[in-house]
Amino acid sequence: MAEPSGKKILIPHSRPYLGEEEVKSAGEVIRSGHIAQGERVERFEKEFCRGLGLGRGAALSSGTAALYLSLSAMGVKPDDEVIIPSYVCTAVLHAVRRCGASPVLADVDPRTGNMDPSDAERRVSKRTRAMIVPHMFGLPADMDRLLELDIPVIEDCAQAVGSTWRGKPVGALGVASAYSFYATKVMTTGEGGMAVSGSRQLVDKIIDIRDYDKKEQDLHRFNFKMTDIQAGLGLVQISRLEFFIKRRREIAGIYTSAFAPLGLVLPPVDAGHIYFRYIIGLSGADDPEKWIQELKNKGIRCERPVFKPLHRYLGITGYPGTEKMYKRFISIPVYPALGQDQIDCVVQAVIEMRQKGKRI
Ligand SMILES: *Cc1c(COP(=O)(O)O)cnc(C)c1O
């Protein structure tokens with residue numbers, strides 16, 4: 001199909017998978033007249049945690065809120081330090097800053113994009129109160145080595161719904177974990193998030209501080225609630241989750257077979273990977289910006305896997321692993337709403353880019 005201009009239809013970098021069931025479920029909530037946080041939010045929390053084998057959950061307005069409230073409930077406060085990776089979105093930085101605490105950046109392993117346990121260890125100080133460990137792009141971080149550092153870990157599972165580490169579900173390994181249900185995440189409620197923990201006490205605290213109404217006004221309270229309309233969407237998305245993950249792995253498998261001969265750096269093979277992103281590492285001579293532009297000209301939207309590393313925002317140096325990721329990698333479309341013809345189109349375009357690069 002071509003647009004009137006004759007330009008190819010753009011394949012978006014990501015897109016939610018939604019159907020009539022979501023429309024029906026949201027419609028039912030609206031017809032019921034109870035649209036704010038209520039019975040469906042509670043059901044969503046229970047079914048999400050039961051389905052993934054996690055502790056207990058508190059549904060929230062966003063993934064950033066889940067990180068912030070987890071830190072708050074753990075008692076992180078000004079003068080504390082929280083270790084976070086330098087290769088992640090700024091949501092993580094802001095969650096720490098909102099507590100008044102200082103973010104301390106650790107480098108990532110350029111083979112995985114995940115936090116490098118040895119570098120994290122070097123950043124530990126007397127003031128370190130917690131560590132936020134994202135499972136980047138759906139690939140589980142090295143939890144065994146990170147937990148050995150004996151710093152309370154909040155797992156950032158915003159990109160890793162259903163990922164596993166050595167057969168165990170991520171999100172159940174740290175003190176708490178944070179999920180995001182933003183439109184383009186693994187599953188969506190439009191905007192939304194969940195904080196999860198095996199500690200009932202911690203979740204009770206998060207449930208207490210997600211709201212301000214009819215409580216003691218002893219804290220800096222705010223409103224971080226999810227609505228029943230969002231939970232209605234979320235419940236349908238949970239029922240699709242197995243398919244979502246299966247399809248992500250299938251598409252990643254197609255890419256990996258097709259790209260194997262091209263001499264690109266492909267995602268590590270790991271049974272626990274759910275391929276929230278499929279990232280490819282270009283050779284030293286290739287410029288990611290140029291690839292992104294040329295793939296866009298072919299009708300395919302690609303992105304930097306992380307828009308800009310945190311140490312670059314903060315104007316600090318000493319993050320060679322992150323720099324390598326930033327300078328080499330691009331993220332190509334991988335999501336269950338992709339059609340077979342679109343997958344073929346992505347495969348063809350990447351092969352063409354590589355052949356062109358080799359001729360120069
Ligand atoms: C999306 C994301 C967040 C933030 O989630 P929001 O729901 O957008 O607030 C945090 N961490 C990571 C790794 C993410 O991908």
Side-chain angles (χ1 to χ4, degrees), residues 13-16 41 44-45 48 57-72 82-99 103 105-106 108-109 112-115 130-141 143 146 153-163 165 170-171 173-174 176-196 206 210 222-227 230-231 233-234 237 244 248 273-279 303-310 313 322 325-326 329 331 334-335:
H13 179 243
S14 46
R15 193 154 64 91
V41 166
F44 178 55
E45 291 167 342
F48 183 79
L60 301 165
S61 52
S62 71
T64 314
L67 288 170
Y68 167 56
L69 293 186
S70 298
L71 290 164
S72 297
V82 178
I83 296 175
I84 64 175
S86 46
Y87 195 60
V88 73
C89 61
T90 51
V92 180
L93 181 78
H94 291 302
V96 175
R97 282 186 167 168
R98 187 152 280 271
C99 296
L105 307 187
V108 297
D109 182 339
T112 63
N114 279 324
M115 196 188 260
M131 196 157 73
I132 297 176
V133 177
H135 303 288
M136 291 303 287
F137 318 124
L139 177 72
M143 288 305 289
L146 288 161
V153 168
I154 297 173
E155 291 177 82
D156 182 342
C157 303
Q159 307 190 347
V161 184
S163 301
W165 169 249
V170 302
L173 305 165
S177 55
Y179 288 84
S180 167
F181 308 120
Y182 177 66
T184 56
K185 296 291 163 99
V186 182
M187 53 172 272
T188 185
T189 61
E191 293 276 5
M194 196 171 317
V196 171
I206 292 168
R210 76 177 165 191
F222 204 72
N223 180 348
F224 293 106
K225 284 178 293 182
M226 177 184 273
T227 68
Q230 290 168 289
L233 294 181
Q237 292 269 298
F244 285 168
R248 283 180 175 282
H273 199 340
I274 60 140
Y275 300 95
F276 172 66
R277 295 283 183 242
Y278 192 97
I279 63 167
E303 302 267 3
R304 297 263 196 181
V306 169
F307 179 69
K308 184 169 152 181
L310 299 185
Y313 279 112
T322 304
M325 295 291 302
Y326 184 62
F329 282 82
S331 166
V334 61
Y335 44 88

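What you are looking at is a predicted structure, and each value in this text was computed from that prediction instead of being measured. Because only heavy atoms are used, hydrogens play no part in the values below, and waters and symmetry mates are left out as well, while side chains stay in. Atoms within each ligand, like the ligands themselves, are counted from 1 in listed order.
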Ligand 1-proximal atoms of [X], by part, heavy-atom distance under 4.0 Å:
X: Thr64; value: both
X: Ser62; value: both
X: Cys89; value: side chain
X: Glu191; value: neither

Problem set entry | Quiz item: cation-pi between Lys308 and Tyr313, 6.0 Å / 45° |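 Yes; both conditions hold, so Lys308 lies above the ring face of Tyr313.
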Exercise. Passes salt bridge (Lys or Arg N to Asp or Glu O under 4.0 Å), Glu191 versus Lys225? Steps please.
Worked result: CA-CA 11 Å; Glu191 293 276 5; Lys225 284 178 293 182; over 6 Å; no
Exercise. Taking the side chain from Gln159 and the backbone from Pro134, do they hold a donor-acceptor pair closer than 3.5 Å?
Worked result: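 Flag not set: sc Gln159 to bb Pro134 has no pair under 3.5 Å.
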For this session: Check the angle between the aromatic planes of Tyr275 and His273 and answer parallel, tilted or perpendicular using the 30° and 60° thresholds.
Result: parallel
For this session: Under 4.0 Å from a heavy atom of Gly63: give me the atoms of ligand 1 that qualify, with their elements.
Result: 5 (O), 6 (P), 7 (O), 9 (O)
Seminar exercise, completed: Near Gly192 (heavy-atom distance under 4.0 Å), the atoms of ligand 1 are 7 (O)
For this session: Begin with the C-alpha distance, continue with both residues' side-chain angles, and end with the deciding distance and a verdict on side chain to side chain contact (heavy atoms under 4.5 Å, CB included) for Val306 and Cys89.
Result: CA-CA 6 Å; Val306 169; Cys89 61; 5.7 Å; no
Exercise. Quick one: nearest non-hydrogen protein atom to atom 11 (N) of ligand 1, plus distance?
Worked result: Asp156 OD2, 2.6 Å
For this session: Please assess Tyr278 against Phe137 for the test ring-ring contact (aromatic ring centres under 6.0 Å, His included), listing each intermediate value before the final yes or no.
Result: CA-CA 7 Å; Tyr278 192 97; Phe137 318 124; over 10 Å; no
For this session: Can you figure out which of Lys185, Arg277, Met194 has its heavy atom closest to atom 14 (C) of ligand 1?
Result: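 The option holding the nearest heavy atom is Lys185.
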Seminar exercise, completed: Out of Ala183, Ser180, Ala160, the nearest non-hydrogen contact to atom 8 (O) of ligand 1 is supplied by Ser180
For this session: Taking the six-membered ring for Trp and the full ring for Phe, Tyr or His, determine whether the centres of Phe276 and Tyr335 are under 6.0 Å apart.
Result: no
